[in-house]
Amino acid sequence: MQDYEGFYKEAKELFKGRVYKDYLRCFAYGVDASCYALTPKLVCLLKSEEEVIRAFALSKKYNTPLCFRGAGTSLSGQSSCDSILIVLDSSFSKIKISKNARSIMLDAGVIGSDANLALKEFNKKIGPDPATIAAAHIAGIVNNNSSGMCCGVKQNSYNTIKSIRVILADGFLLDTSDEKSISEFKKTHKKMIDELLALRAEILKDKALQELIRKKYKIKNTTGYSINALLDFEDIIDIITHLFVGSEGTLGFLSRVELECVEDKPYKACALLFYEDIIKACEVVNTLASLNELISSAEIMDYACLKTASKFKGVPEFLKSVKKDTACILIQTENDNEKLLDENIQKIKNALSAHPSSLPLRFSKDEKECASWWKIRKGLLPIAASARKKGTSVITEDICFELKDLARGISELLELFKKHSFADNAILLGHALAGNMHFIITPNLNDKKEFENFSNLISDMAKMIASFGGSIKAEHGTGRMIAPFVELEWGKKAYKINKKIKEIFDEKRLINPDVIISDDKDIYKKNIKEITELDQEFLEGCMDCGFCEKNCPSNKLSLSPRQRIALQRELKRLQNLKDEDSKKKLKELKRGLKYFSNETCAACSMCEELCPIGIDTARLALEERKKSSKFSQKIASYAYENFSTSIDMAKFSLKTSSLFHLNKLSNFSISLRKSLKFTPATRKFMPRANSYELKNKHFSKEKSVIYFTSCINRAFAPSHLANDKRSIQEVFENICKKAFISVLYPKEIKTMCCGKAFENYEDIMQKNLEKNKSILKKLSKNGTIPIVIDHSACSARLIKDLKAEFLIYDLSTYLLKEVLPRLELRCLDEDIALYSMCASKKMGIDLDMKELAKKCTSKRILEHNTACCGFAGYKGFFTPELNINATKNLARFYEDKNVNLAFSSSSTCEIGLSDATNISWQHIVYLLDKVSEVKNDR
């Protein structure tokens, strides 16, 4: 008997504050990229191996199944469950690179692209390169035996794994890189070892089975377990290490992996080849395969792909004019030497002369252009999903043939699309050199006939692939979708071995049941997501891919963008139901969304940057805030009309807080907020009140700048813990003095605001805009004198509103382009930390700040890829947990870097960054002032 209540009572004591059984979070965390909708009964957010071991013990004690979730980008239902979902917090994020970067140790929660970022300086990368690499966790990549676009079979997870650290169902932690751990395992797990070696012996006695296994793993294959491990290796540790690759979280918990690093060649070129149809393109693949020494990747896309992609911004213009039925192949070649790369290109052109492209052959070495082509390919799934009709689901499958069978296999697949009424909406793409094809269909599964068509298509497809000896699942993992067809593909003998593997590691089937091995032959068509149309049109295209989550500061604190959108669908679904249970859930969701969807959204819109179709989920919170702003209209109007007084009040508050020990006050205020939410949090690096007097400084008759110093920086002076305690105005004036640039302040500066503080109040915004225009027009002499603003969030607002009429610079850009050339520099001989706040990234000026930093030091510039620090202006004081959550990984990044100087372009962000890292973060203007002096020729 399953006792979830017993599990919950013990778990909530063990994992304090990180066990959820409320409907809102259980539903939200249950959402993944697959077509399945399963809501877990409990969600546990765990932060250590010790906690996972305890969860296993509770699972065994209360007979409650567990399912492990990484980033939830899996497509086949292997990270969905209706039992207990185990989610990792950001603690599982350590990266360790071996000497000469031969291998890399990665904690379960490391995102694939972050591993590649760490290896970039060594010109290395990990082997697997799935389209989801910018979002997927390494544990998910290895658990699915991911391959991808360039790695083929040779560099997939299975063939590049060196060691694993895994927790077994009985709680034993096996580290296959540690002799002591291996020795202990061999003593305590003799039965498991004997049973696995007996399976190996069984295979070695059966030549036909051996031949089948070898044949099937020459192509991409993720159907069932990696039973080739029993044939490829003699040593039990090697066998176990490789059995866990592709095991989809059904054998134990993968805590850490070690992967061989592969070469990332610096010189790359891409080409687009066009042919009259997909079958003709498949025939060309055989020619490309003969050039496999030269071609690292060949991605095939049918006409439906090209047509769909052509509707989105940033794609090549010529896609809009391709003829009906046209198919495309995107190829990539790479080399260590640019001259040899050019030779490769010529050889490829010569070989392809026998297969002329229906559009001019386009080869490019331009990194940005190639990236735009790859962006199409990598984003095709969510792009196709966004183009679907309202109310339809997204089903994506991937199959594999031997290359000799590719054209014939695709022909038969196209016939199946016709037979089951999907010919008009199916999209076909894939990794051509591997014979690996993906297809996307978008049926309305609420419609009985379309549901039957989907069910029958999957069944017929499985039979067709099996008849070719291909793989029903090549990359995406067996999951729930293909679990009923594992025996069909492998036959009875091999399927029996698959079942035995599951039994050896998980006899009671408590670890991710019904994934890979299931007794339910209809499971692939159960618990399918019900797609409810949304009131918010801009959210409709979301398919729960989760690409957005990496950038979201509230991910794993409250909700991520994908979870917020999914909850909007659930709200709409529940509104259409009249039963008491639905009414109760609806009431809970509405109550909970105030905090989970609104208060903890930084409204930074960084989710939009990673969304393949550009959904800005921040609009949900912004629209909600505009509704609620009606209640605070009077307060906002008073603050605007008495702006100088408002700033003086802020300064008074800062003076008051400075009377206390800020570290103790910070801890006390954050604790106090648990019961008194309206109480602002005082931070350790709390700024002091700014008392600097703003007066025009006439350093030159030839060059001037209008200094629109932000209201925040008029109120804030650096913390008493800061490296440089001068106000930002004094520092900028000092630099301008050295550069012979006069500094002009608007006479009305005390009452001026960029407008960001009032963006929820349209009438005040408009009044403020007209006021700024009038003041700046006169002072700038009709836009001839440049204007600089010293906080990037304010720069973004002012530039957006007034760029057509004035020359407005963010301070970091002005320093680089106008001030730096007028100064002499004495570079630092030490590493510096750098953080580009979200607004500067969205404006595209983050590169200016980085370029400026490069001019100021001869050593390393250390940047973490935190997209948004979550301070979000006032939220750093009134929702401090958002900033604390967003900067956890950034804090870990700088732990052992021994950095003393750190720079950004936002005084509010700098408070949170300083608190997180215990390093003094200040505006980059302080760095330039530190290293600059008057030019010798002046």
Side-chain angles (χ1 to χ4, degrees), residues 90 93-97 101 104 110-125 133-134 264 367 371 550-553 602 604 606 609-610 723 791-793 810-813 815-816 827-871 883 885-928 930-931:
S90 58
S93 60
K94 292 187 181 66
I95 297 174
K96 184 180 179 182
I97 300 170
I104 184 168
V110 173
I111 292 172
S113 59
D114 288 350
N116 284 342
L117 192 64
L119 290 168
K120 192 172 183 180
E121 64 180 292
F122 304 99
N123 290 322
K124 295 284 185 75
K125 62 181 180 177
I133 196 166
D264 185 16
E367 191 175 340
K550 180 183 176 183
N551 272 3
C552 182
C604 59
M606 289 306 289
E609 299 298 296
L610 289 183
N723 291 332
H791 189 294
S792 287
D810 180 77
L811 179 52
S812 57
T813 301
L815 294 173
L816 175 69
C827 280
L828 293 174
D829 188 33
E830 61 180 297
D831 295 339
I832 62 172
L834 199 67
Y835 173 75
S836 299
M837 64 99 62
C838 49
S840 66
K841 292 186 184 96
K842 289 183 77 68
M843 280 195 291
I845 60 170
D846 51 323
L847 298 178
D848 290 346
M849 189 167 69
K850 190 168 185 177
E851 187 63 28
L852 183 62
K854 284 179 181 176
K855 303 284 185 185
C856 297
T857 183
S858 59
K859 291 294 182 71
R860 295 180 302 170
I861 295 168
L862 300 172
E863 290 183 278
H864 188 258
N865 59 359
T866 297
C868 172
C869 73
F871 205 90
N883 168 243
N885 182 70
T887 53
K888 279 179 183 175
N889 284 339
L890 180 140
R892 292 187 190 102
F893 177 77
Y894 287 111
E895 266 176 354
D896 56 355
K897 297 291 191 295
N898 196 27
V899 177
N900 297 309
L901 296 172
F903 303 98
S904 185
S905 61
S906 157
S907 52
T908 42
C909 294
E910 288 150 21
I911 298 167
L913 296 170
S914 300
D915 267 25
T917 60
N918 282 313
I919 304 168
S920 168
W921 289 76
Q922 295 189 271
H923 196 287
I924 198 163
V925 70
Y926 288 85
L927 173 62
L928 185 60
K930 185 180 180 71
V931 302

A.B. asks: Using every non-hydrogen atom in the two residues, find where T857 and E830 come nearest and quote the distance to one decimal.
C.D. replies: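 Shortest heavy-atom separation between T857 and E830 comes out as OG1-O, 2.7 Å.
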
A.B. asks: Any chance you could measure M849, atom CE, to I861, atom CD1, to the nearest 0.5 Å?
C.D. replies: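 Between M849 CE and I861 CD1, I get 10.0 Å after rounding to 0.5 Å.
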
A.B. asks: Tell me the closest heavy-atom pair linking C838 and C604, and the distance in Å.
C.D. replies: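 For C838 and C604, the tightest heavy-atom pair comes out as SG-CB, 3.7 Å.
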
A.B. asks: L927 and A853: which non-hydrogen atoms are nearest, and at how many Å?
C.D. replies: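 Scanning both residues completely, I find the closest heavy atoms to be CD2-CA, 4.3 Å.
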
A.B. asks: About how many Å separate CD1 of I133 and NZ of K125, when rounded to the nearest 0.5 Å?
C.D. replies: 8.5 Å

A.B. asks: Could you tell me the separation between the CG atom of D848 and the CD1 atom of I924, rounded to the nearest 0.5 Å?
C.D. replies: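 The CD1 atom of I924 is 10.0 Å from CG of D848, to the nearest 0.5 Å.
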
A.B. asks: When you measure from the side chain of R892 to the backbone N and O of T887, does any donor-acceptor pair fall under 3.5 Å?
C.D. replies: no

A.B. asks: If we ignore angles and hydrogens, is there a donor and acceptor under 3.5 Å between the side chains of S906 and T908?
C.D. replies: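 Side-chain D/A pair, S906 to T908: present.
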
A.B. asks: Among pairs that include at least one residue of residues 836-859, which meet ring-ring contact (aromatic ring centres under 6.0 Å, His included), considering only residues two or more places apart or in two chains?
C.D. replies: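 Residue pairs with at least one partner in residues 836-859: there are none.
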
A.B. asks: Would you say the side-chain atoms of K897 pair up with the backbone N or O of L862, donor to acceptor, closer than 3.5 Å?
C.D. replies: no

A.B. asks: Can you give me the closest heavy-atom contact between C856 and L928, atom names plus distance?
C.D. replies: SG-CD1, 4.1 Å

A.B. asks: Looking at S905, is its backbone amide N or carbonyl O close enough to the side chain of S812 to form a donor-acceptor pair, meaning the two atoms are under 3.5 Å apart?
C.D. replies: no

A.B. asks: Ignoring hydrogens, what is the shortest heavy-atom contact between I845 and S792? Give both atom names and the distance.
C.D. replies: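 Where I845 meets S792 most closely, the heavy atoms are CD1-OG, 4.4 Å.
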
A.B. asks: Any ring-ring contact (aromatic ring centres under 6.0 Å, His included) involving residues 897-924? Give me the pairs, sequence neighbours left out, ordered by first then second residue.
C.D. replies: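 Residue pairs with at least one partner in residues 897-924: Y894-W921.
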
A.B. asks: Heavy atoms only: give me the nearest A602-G870 pair and the separation to one decimal.
C.D. replies: CB-CA, 4.4 Å

A.B. asks: Which value, rounded to the nearest 0.5 Å, describes the distance between K94 atom NZ and N889 atom CG?
C.D. replies: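 Answer for the NZ-CG pair, K94 versus N889, is 10.5 Å.
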
A.B. asks: Below 3.5 Å, can you tabulate the donor-acceptor pairs from side chains in residues 110-117 to any protein atom, sequence neighbours excluded?
C.D. replies:
{"unit_1": "S113", "atom_1": "OG", "unit_2": "K550", "atom_2": "NZ", "d": "3.2"}
{"unit_1": "D114", "atom_1": "OD1", "unit_2": "K550", "atom_2": "NZ", "d": "3.2"}
{"unit_1": "D114", "atom_1": "OD1", "unit_2": "N865", "atom_2": "ND2", "d": "2.5"}
{"unit_1": "N116", "atom_1": "OD1", "unit_2": "I126", "atom_2": "N", "d": "2.9"}

A.B. asks: Is a side-chain donor or acceptor of N723 paired with a backbone partner of L901 at a separation under 3.5 angstrom?
C.D. replies: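 No.
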
A.B. asks: To the nearest 0.5 Å, what is the distance between NZ on K850 and CG on L834?
C.D. replies: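 If I round to the nearest 0.5 Å, the distance is 8.0 Å.
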
A.B. asks: If you count heavy atoms of other groups shown closer than 6.0 angstrom to NZ of K855, is the number above 12?
C.D. replies: no

A.B. asks: If only atom types and distance count, is the side chain of K124 paired as donor or acceptor with the main-chain N or O of L119 below 3.5 Å?
C.D. replies: no

A.B. asks: Atom NZ of residue position K930 - does it have more than 12 heavy atoms of other residues, nucleotides or ligands inside 6.0 Å?
C.D. replies: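 12 or below, so no.
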
A.B. asks: Just by distance, no angles: are the side chains of D846 and S836 close enough, under 3.5 Å, to form a donor-acceptor pair?
C.D. replies: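 Judged by distance alone, the side chains do not pair up.
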
A.B. asks: Side chains of Y835 and L890: closer than 4.5 Å at any heavy-atom pair?
C.D. replies: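 The answer is yes, as the side chains (C-beta and beyond) meet within the 4.5 Å cut-off.
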
A.B. asks: Before giving the answer on side-chain contact (heavy atoms from CB on, under 4.5 Å), spell out for I104 and K96 the whole-Å C-alpha distance, their side-chain angles and the decisive distance to 0.1 Å.
C.D. replies: CA-CA 6 Å; I104 184 168; K96 184 180 179 182; over 6 Å; no

A.B. asks: List the steps and the verdict of salt bridge (charged side-chain N to carboxylate O under 4.0 Å, His left out) for K859 and D829.
C.D. replies: CA-CA 6 Å; K859 291 294 182 71; D829 188 33; 3.5 Å; yes

A.B. asks: Kindly say whether M606 contributes a backbone atom to a donor-acceptor pair with the side chain of K842 at under 3.5 angstrom?
C.D. replies: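 Not at all, since once roles are kept as given, no pair shorter than 3.5 Å links the two residues.
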
A.B. asks: How long is the span from the NE2 atom in H864 to the SG atom in C869, to the nearest 0.5 Å?
C.D. replies: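 One finds 13.0 Å between NE2 of H864 and SG of C869.
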
A.B. asks: Would you call D831 and R860 a salt bridge, using N to O less than 4.0 angstrom?
C.D. replies: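 R860 and D831: salt-bridged.
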
